[in-house]
J.: 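One structure coming up, written as structure tokens, with questions to follow.
Just the heavy atoms: all of them, side chains too, but no hydrogens, waters or symmetry mates, feed the values below. All chains are named by letter (A, B, ...) in the order of the sequence lines, taking the proteins before the strands, and each is independently numbered beginning at 1.
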Amino acid sequence: MPELPEVETIARGVHNRVRGDRIAQAWFGRYSEPFKTPPALQAKGLEGRILQAVHRSGKHIVCELGCCERQSADGSPEVGGNRTSVQGVEPRAQWIVHLGMTGRLLVTASDAPVAAHTHARLSLASGRELRFVDPRRFGRLEFRDLLRTPAFIAPGADPLLIEGREFAALFRGRKLAIKAALLNQGLLAGVGNIYADESLFRAGIRPGRSAGRLTKAELERLRQALREVLEHAIRLGGSSVSDYVDADGARGFFQLEHCVYMRTGQPCLSCRTPIRRILLAGRGTHYCTKCQR
DNA sequence: CATTTCACCTGGTGGC
DNA sequence: TGCCACCAGGTGAAAT
């Protein structure tokens with residue numbers, strides 16, 4: 001479910017709520033699917049760590065963890081301060097959360113009712129909990145000890161930062177549909193089904209067009225449309241189509257701004273032509289046959 | 001190598 | 001009310 005704007009919203013929310021807090025205890029459920037690192041190793045690695053910062057990389061939420069016990073007087077991690085002289089400031093480990101289709105990462109009171117399909121609960125020194133909930137179990141949790149493993153960086157360029165030249169180069173010589181290319185996380189990190197459809201509508205490009213045959217002008221329109229759509233969605237807290245919520249359990253509002261996604265048969269907001277739905281790259285794909293060429 | 005298809009899961013919805 | 005088919009924000013392995 002969650003694409004770049006939803007993951008960004010959640011990461012910011014979690015960051016603002018738990019930064020500087022200490023993981024007192026970690027509990028993991030019995031299912032093996034959600035864990036890239038065995039649950040016992042995750043619990044052992046996480047307990048006692050300070051949550052220094054939480055940010056997004058592609059569709060991944062990365063929790064930067066410092067080593068143990070120590071934190072500054074105001075509870076902030078002093079990132080960017082004197083890194084070598086303050087114990088526990090340099091990230092020593094990472095907890096990487098991928099939400100799959102239905103994953104949630106929530107900051108709750110420790111006595112809040114435990115939702116069904118809760119697979120991880122980190123109790124924090126502040127008395128709250130960081131919980132991972134995922135009914136479909138497509139999400140993944142990974143622990144990295146940075147003394148042994150390199151820091152996590154999502155493959156693929158960030159669609160908010162990429163420049164025109166580099167963007168165009170991603171698609172050069174590719175025969176596959178532009179929508180399939182947008183969904184390829186190795187090319188661009190963070191674009192999923194909603195924002196692929198919405199950005200192609202905004203750029204006026206049919207999703208089935210061969211990626212390598214788009215003109216320079218079309219590619220530039222697409223790059224800007226993608227950035228504008230993603231930034232707008234972030235400002236509105238993401239899209240809540242069915243069950244997406246942020247770190248506080250609040251819904252986003254960008255679903256109210258969707259022009260094509262899940263609007264099959266409804267009139268195009270620009271020309272009134274009914275929105276068409278086709279299957280492309282195995283995904284429901286929505287577009288306007290008149291506005292998108 | 002590039003590209004496509006499918007399996008992995010649970011839950012909600014709409015038709016009969 | 002129940003049953004069933006179909007659909008859903010993602011991804012990576014297997015097949016082509």
J.: To the side chain of A:Tyr261, which of C:dT11, B:dT10, C:dA8 is closest?
T.: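 Closest of the options to the side chain of A:Tyr261: C:dA8.
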J.: Round to a whole Å and report the spacing from CG of A:Asp134 to P of C:dA8.
T.: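 In whole Å, C:dA8 P and A:Asp134 CG are 18 Å from each other.
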J.: Below 4.0 angstrom from OP1 or OP2 of C:dG10, is there any side-chain N or O of A:Gln185?
T.: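 Looking at the OP1 and OP2 atoms of C:dG10, neither is under 4.0 Å from any side-chain N or O of A:Gln185.
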J.: Categorize A:Gly284 for me: base, sugar-phosphate, or nothing, with a 4.0 angstrom heavy-atom threshold over every strand shown.
T.: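 The residue A:Gly284 makes sugar-phosphate contact but no base contact.
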J.: Is there a path of hydrophobic side-chain contacts, each under 4.5 Å between heavy atoms, that joins A:Leu160 and A:Ile162?
T.: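 Result: yes, single cluster for both.
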J.: Any base atoms under 4.0 Å from A:Ser240, or only sugar-phosphate, or nothing? Heavy atoms, all strands.
T.: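 Base contact.
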J.: Can you see whether A:Glu3 engages A:Tyr244 through a side-chain donor-acceptor pair at a distance of less than 3.5 angstrom?
T.: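 The criterion, which ignores hydrogens and geometry beyond distance, is not satisfied for A:Tyr244 and A:Glu3.
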J.: Can you list the stems that include DNA chain B, where a stem is three or more consecutive Watson-Crick or G-U pairs with distances under 3.5 Å?
T.: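 Looking at DNA chain B, the stems formed by three or more consecutive pairs are B:2-8 with C:10-16, B:10-16 with C:2-8.
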J.: Would you kindly give the CG-to-P distance between A:Leu187 and C:dG12, to the nearest whole Å?
T.: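 These atoms are roughly 14 Å apart.
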J.: Using only side-chain N and O atoms of A:Arg172, determine if any of them is under 4.0 Å from OP1 or OP2 of B:dA2.
T.: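 For A:Arg172, the contact criterion (side-chain N or O under 4.0 Å from OP1 or OP2 of B:dA2) is not met.
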J.: Does A:Asp158 come within less than 4.0 Å of A:Arg56, counting only side-chain N to carboxylate O?
T.: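 Looking at A:Asp158 and A:Arg56, the cut-off is met.
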J.: Out of B:dG11, B:dT3, C:dT11, which has the shortest distance to the side chain of A:Arg283?
T.: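 It is C:dT11.
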J.: Phosphate oxygens OP1/OP2 of C:dG10: is one of them under 4.0 Å from a side-chain N or O of A:Lys59?
T.: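 Result: yes.
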J.: Compute whether any side-chain donor of one residue and acceptor of the other, for A:Arg276 and A:Thr289, lie under 3.5 angstrom apart.
T.: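 No, A:Thr289 and A:Arg276 have no side-chain donor paired with an acceptor closer than 3.5 Å.
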J.: Is A:Phe138 stacked on the base of B:dC8 when the test is centres under 5.5 angstrom and planes under 30 degrees?
T.: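 One would call A:Phe138 stacked on the B:dC8 base.
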J.: Provide, to the nearest angstrom, the distance between the CE atom belonging to A:Met262 and the P atom belonging to B:dG12.
T.: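 One finds 14 Å between P of B:dG12 and CE of A:Met262, rounded.
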J.: Round to a whole Å and report the spacing from CZ of A:Arg56 to P of C:dG10.
T.: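 In whole Å, C:dG10 P lies 14 Å from A:Arg56 CZ.
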J.: Measure from CD1 on A:Ile178 to P on B:dT4 and round the result to the nearest Å.
T.: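 The distance from CD1 of A:Ile178 to P of B:dT4 comes to 13 Å, rounded to the nearest Å.
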J.: Is any NZ, NE, NH1 or NH2 atom of the basic residue among A:Glu220 and A:Lys216 found under 4.0 Å from an Asp or Glu carboxylate oxygen of the other?
T.: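 Here A:Glu220 does not pair with A:Lys216 in a salt bridge, since their nearest N and O are not under 4.0 Å apart.
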J.: With side chain to side chain donor-acceptor pair (under 3.5 Å) as the test, pick out the partner of A:Gln94 among A:His60, A:Arg144, A:Glu64, A:Glu142.
T.: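 Of the listed options, the one satisfying the test is A:Glu64.
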J.: Taking atom types as they are modelled, would you say the side chain of A:Arg136 forms a donor-acceptor pair with the base of B:dC9 within the 3.5 Å cutoff?
T.: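 Yes, the side chain and the base share a sub-3.5 Å donor-acceptor pair.
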J.: Could you tell me whether A:Arg140 contacts a base, only the sugar-phosphate backbone, or nothing, with contacts defined as non-hydrogen atoms closer than 4.0 Å?
T.: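 Result for A:Arg140 = nothing.
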J.: Take the protein atom CG of A:Leu279 and the nucleotide atom C1' of C:dA8, then report the distance between them rounded to whole Å.
T.: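 Nearest whole value for this atom pair: 13 Å.
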J.: Categorize A:Gly282 for me: base, sugar-phosphate, or nothing, with a 4.0 angstrom heavy-atom threshold over every strand shown.
T.: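 A:Gly282: no heavy atom of the nucleic acid under 4.0 Å.
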J.: Starting at CG of A:Leu280 and ending at P of B:dC6, how long is that distance when rounded to a whole Å?
T.: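 After rounding, the gap between these two atoms is 15 Å.
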J.: For B:dC9, take OP1 and OP2 only and decide whether either is under 4.0 Å from a side-chain N or O of A:His117.
T.: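 A:His117 to B:dC9 OP1/OP2: no side-chain N or O under 4.0 Å.
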J.: If you check every side-chain atom of A:His98, which of B:dT3, B:dT10, C:dT11 has the closest atom?
T.: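 In terms of side-chain proximity for A:His98, the closest of B:dT3, B:dT10, C:dT11 is C:dT11.
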J.: Go through the side-chain N and O atoms of A:Asp246 and A:Thr9 and say whether any donor and acceptor fall under 3.5 Å apart.
T.: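 Absent: no donor and acceptor within the cut-off.
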J.: Using the P atom in both, what is the distance from B:dC9 to C:dA14, to the nearest Å?
T.: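 One P to the other, the span is 15 Å.
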J.: Taking NZ, NE, NH1 and NH2 as the nitrogens, is one of them in A:Arg165 or A:Glu163 under 4.0 Å from a carboxylate oxygen of the other?
T.: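 No, this pair does not count.
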J.: Could you give the CZ-to-C1' distance, from A:Phe35 to C:dT11, as a whole number of Å?
T.: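 Atom-to-atom, A:Phe35 to C:dT11, this comes out as 18 Å.
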